[in-house]
Undergrad: 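Shown below is the structure under consideration.
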Amino acid sequence: MKIVYLITGTFLFANIVMAQFATPYEQQKFCKNLEQVLESGRKENFESISGTNAKQSAILVVPGYSIHLPKFPVIYVDKDKRFIAKTNLNMDSLTSVIQFNDYKDFVYSCLDTSKWKIMPPTVGDDSSTVFITEHQTISVQNLEFFLTIASEKVAEKVYSILFYLRRRY
C-alpha cells in the first residue's frame, strides 16, 4: 500500500514540476500571439483573423491563419468584428471559477497595466451573446480596445471560458 502512495505521490510531483516548466513557454507564446491579434485589430479590425478556422496552406502563407493562442484552441471573429477565443472545455461551476481566475491571470500578465484600465468584476448576462449566459466577467480597456474574459454557462451546470476583444471605436 505504501508503494502505491509513493508512486502516486512521485507521479503527482513530476506532473506539477513539468507544468511549471511548460507555463513560461506557453505564457511567452500567448503574449506574442496576443500582440499579433492586437496589431491585426489596430490595422484592419481583425479581418486577417476572420478565416482562422481554415488550415494554413503548406505552400502559400495566408496572413493571420497561423495565430494560435495557447489555452484557447478555438479563435474566430464574429459578425460584429469581435475577436473571440474559446477554451472549448466543459466544466462544473467550481472548476470554472478556478479556471476563470487562472485564465484571467494568464491574459493579464501580457497587458501593460499603465495602459489598460481594469474594470470591476460583473456577474450577469451579456445581451449581445444569444443563448449563452455569462456567469462571471472581468473587463479591461485601453484607448483602442475593450477586452473581456468571461465564464459562460453553455448548458445546465456546464461552463466554459471565453475571451472577447473588440475595438472601442
Undergrad: What's the spacing between Ile75 CD1 and Asn88 CG if we round to 0.5 Å?
TA: 12.5 Å

Undergrad: Quick one, Phe100 and Ile138 - any side-chain contact, counting heavy atoms below 4.5 Å?
TA: yes

Undergrad: Quick check for you: to the nearest 0.5 Å, what is the distance between Gln136 atom CD and Ser96 atom OG?
TA: 8.0 Å

Undergrad: What pair of heavy atoms forms the shortest contact from Val74 to Tyr76, and how long is it?
TA: CG1-CD2, 4.1 Å

Undergrad: Carefully, step by step, assess Cys110 and Lys32 under the rule side-chain contact (heavy atoms from CB on, under 4.5 Å).
TA: CA-CA 9 Å; Cys110 298; Lys32 179 182 161 207; over 6 Å; no

Undergrad: Using side-chain heavy atoms (C-beta onward) and a distance below 4.5 Å, is Tyr164 in contact with Phe146?
TA: no

Undergrad: Once rounded to the nearest 0.5 Å, what's the spacing between atom CD of Gln99 and atom CG of Asp92?
TA: 10.0 Å

Undergrad: Examine Phe163 and Met119 and state if one hydrophobic cluster contains both, with Ile, Leu, Val, Met, Phe, Trp and Tyr joined whenever side-chain heavy atoms are less than 4.5 Å apart.
TA: no

Undergrad: Are Leu111 and Leu34 packed together at the side-chain level, in the sense that at least one heavy-atom pair is separated by less than 4.5 angstrom?
TA: yes

Undergrad: Give a yes or no on whether a salt bridge exists between Arg42 and Glu35, defined as a side-chain N under 4.0 angstrom from a carboxylate O.
TA: yes

Undergrad: Going by heavy atoms in the side chains, are Glu47 and Ser40 under 4.5 Å from each other?
TA: no

Undergrad: For atom CD of Glu39, decide whether the heavy atoms of other residues, nucleotides or ligands shown that lie under 6.0 angstrom number more than 12.
TA: yes

Undergrad: If two hydrophobic side chains count as joined below 4.5 Å and joins carry through other members, does Phe83 share a cluster with Trp116?
TA: yes

Undergrad: Evaluate the side-chain contact (heavy atoms from CB on, under 4.5 Å) criterion for residues Leu38 and Leu165: first the C-alpha distance (whole Å), next the side-chain angles of each, then the deciding distance (0.1 Å), finally the verdict.
TA: CA-CA 9 Å; Leu38 293 171; Leu165 183 62; 3.5 Å; yes

Undergrad: Please tell me if the side chains of Phe30 and Phe72 come closer than 4.5 Å, counting only heavy atoms from C-beta onward.
TA: yes

Undergrad: If we only count heavy atoms from C-beta on, is the Ile161 to Met91 side-chain gap below 4.5 Å?
TA: yes

Undergrad: Mind checking whether Phe145 and Val37 have side chains closer than 4.5 Å, heavy atoms only?
TA: no

Undergrad: Keeping the roles fixed (side chain from Ser160, backbone from Leu89), state whether a donor-acceptor pair exists under 3.5 Å.
TA: yes

Undergrad: Could you grab the distance from atom OG of Ser151 to atom CD1 of Ile98, nearest 0.5 Å is fine?
TA: 11.5 Å

Undergrad: Which heavy-atom pair separates Gly41 from Phe46 by the least distance, and what is that distance?
TA: CA-CE2, 3.5 Å

Undergrad: Could you check whether any side-chain N or O of Asp112 sits under 3.5 Å from a backbone N or O of Ser114, counting only pairs where one atom can act as donor and the other as acceptor?
TA: yes

Undergrad: Can a cation-pi geometry be assigned to Lys71 and Phe106, taking NZ or CZ under 6.0 Å from the six-membered ring centre and within 45° of the ring axis?
TA: yes

Undergrad: Rounded to the nearest 0.5 Å, what separates atom CD1 in Ile118 from atom OG1 in Thr113?
TA: 7.5 Å

Undergrad: In Å, rounded to the nearest 0.5 Å, how long is the span from CZ of Arg167 to CG of Asp80?
TA: 14.0 Å

Undergrad: Kindly give the heavy-atom pair with the smallest separation between Tyr103 and Ile149, and that separation in Å.
TA: O-CD1, 4.4 Å

